[in-house]
Amino acid sequence: MNIATNKIICVVGTRPEAIKMAPVIQGLQTQSWADVRILATAQHRHLLDQVLNLFNIAPDIDLNIMRSNQTLTALTARLLLELENVLYIEKPAAVLVQGDTTTVMAVALACFYQDIPIGHVEAGLRTRDMRNPFPEEANRVITGKLAHWHFVPTECSRQNLLHEGIADEKIFITGNTVIDALLTVAAQDIALPIPVAPDKRLVLITAHRRENFGEPLRNICQAIRTLAQNNPEVVFLYPVHPNPNVQDTVNGLLADRPNIILSSPLNYVHFVSAIKRSYLILTDSGGIQEEAPALGKPVLVLRNETERSEAIEHGVAKLVGTQYEQIIAATQLLLDDHTAYQSMVKGISPYGDGHAAQRIIAVMREYFS
Ligand code: UD1
Ligand code: UDP
């Protein structure tokens, strides 16, 4: 195959990929040796565009793949067909992907078919339970088998890959690029666009995982409803993910409480200001489990398993699952018990120092020299 010598394609598909890839893209764009091309699959449309605009990133290629309520099969099939074509035309020397979405898995497979080396940013995260989170654990395992460079955030992720037989010389501990993005954005003093009285405590909530659709998400919402009733002086802010499965349940169960604010997804600067303003966070998101400790906020994780075990081990996050009673008990404890609250506010940030992108770029620079 005819390869353009230093062409690196950076792929983004969803909101978290764009946030976490932005520092790598911006860093690579300053390197004279690198011919950087940005490929947006647009598995997300509005959520992705929000982030790309914020970081001033303009895709060179946009597959515009999102459809309303897309199934995993249709999404994967469309991605593979479109990617085959793009890779055949572009002939990159390397491709960088980030995280564990269907975009990442499909790009890894499409590159494998055309023998193009893949760099996996945020490699090595594992729960070792293929259905939790679904389908992300499978996406990571498949991408891990196919990648040439594994950029892991922590020693724990390195160990996960070694355990799967990945050669040590292909693994690079870099930290998570989300901390690079977060520290840049958090340094700006941007006001929360939703007014919350200064004397009110704010509980920030997000939940969107596919394995939580149906009963688990209904339990989460019922628990939030009860917490809001029992704590009228606390404000509960829930920016709701646009996935219709999430919208229908959340709007159906939480729309009519005076101290629950349901908003559209916040753009990243506003979401970071919401984290900074919050007292505690309830979430099933991956990225927020990394960001909250970096900003000293306790996180209650609305999942039965997490691949971000470092935050749990340091006591700055707690796995509370999706049962009504457990969510209420864990949240009420942090609202009522100052000692319990303080024990989770330690200023420990296990996922990086804000220089992950530089380390990734250094590895790529060495390869291309
Ligand atoms: C996807 C990822 C998940 C990641 C999450 C981050 C997969 C299978 N899932 O989940 O790993 O944690 O993104 O947010 O890769 N939608 C819009 N506008 C948008 C984005 C989504 O309307 O900008 C709606 C569409 O109806 C879309 C649906 O949400 O069909 C689901 O989007 P999809 O990318 O399939 O999965 P997510 O649940 O967003
Ligand atoms: N986020 C955002 N606006 C929101 C909710 C989340 O900008 O309304 C950011 C959040 O700070 C984190 C990322 O989006 O960086 C996480 O995305 P999401 O929870 O959708 O995906 P996951 O991390 O679970 O894959």
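Values below: every heavy atom of this structure, side chains too, minus hydrogens, waters and symmetry copies. Nothing fancy with the numbering, it's 1 onward along the sequence. When a ligand or atom number is given, it counts from 1 through the structure's own listing order. None of the values given here were measured: they were computed from a predicted structure.
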I want to check something: taking the side chain as every heavy atom from C-beta on, are R128 and H163 in contact at a cut-off of under 4.5 Å?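 Counting from C-beta outward, R128 and H163 do come under 4.5 Å.
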
Are K20 and E122 close enough for a salt bridge, meaning some N to O gap below 4.0 Å?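 Salt bridge: yes.
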
So that I can tick it off, tell me whether R308 and E290 are bridged by a salt bridge, with the cut-off set at under 4.0 angstrom between side-chain N and carboxylate O.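 Salt bridge present between E290 and R308.
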
What are the two closest non-hydrogen atoms of P135 and R210, and how far apart are they?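 What the structure gives for the nearest pair is CD-CD, 4.1 Å.
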
Of all heavy-atom pairs between L52 and A18, which one has the smallest distance, and what is that distance?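 Closest pair (atom of L52, atom of A18, distance): CD2-CB, 4.2 Å.
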
Mutual orientation of the aromatic rings belonging to W149 and Y367 [parallel < 30°, tilted 30-60°, perpendicular > 60°]: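 Judged by the thresholds at 30° and 60°, the geometry between W149 and Y367 is perpendicular.
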
What residues, two or more places apart in sequence or in another chain, satisfy side chain to side chain contact (heavy atoms under 4.5 Å, CB included) together with E325?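 Once residues adjacent in sequence are excluded, E325 has no partner under the side chain to side chain contact (heavy atoms under 4.5 Å, CB included) criterion.
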
Taking only residues two or more places apart in sequence, or in another chain, which ones meet D284 in a side chain to side chain contact (heavy atoms under 4.5 Å, CB included)?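 With neighbours one apart ignored, the set is A207, H208, R209, N212, L302, R303.
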
Non-hydrogen atoms closer than 4.0 Å to ligand 2: which protein residues do they belong to? List them by chain and number, please.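 The answer is R15, P16, I19, H208, R209, P239, P265, L266, Y268, F271, S285, G286, G287, I288, E291, counting any residue whose heavy atom sits under 4.0 Å from ligand 2.
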
Criterion side-chain contact (heavy atoms from CB on, under 4.5 Å) against R140, the qualifying member of M105, K145, E307: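 Only match with R140 under side-chain contact (heavy atoms from CB on, under 4.5 Å): E307.
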
Hey, which residues fall under 4.0 Å of ligand 1 on heavy atoms?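 Heavy-atom contacts below 4.0 Å: T14, P16, Q43, H44, R45, H46, L47, M66, R67, S68, N69, Q70, L72, T101, T102, P135, E136, H208, R209, R210, H241, P242, N243, P244.
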
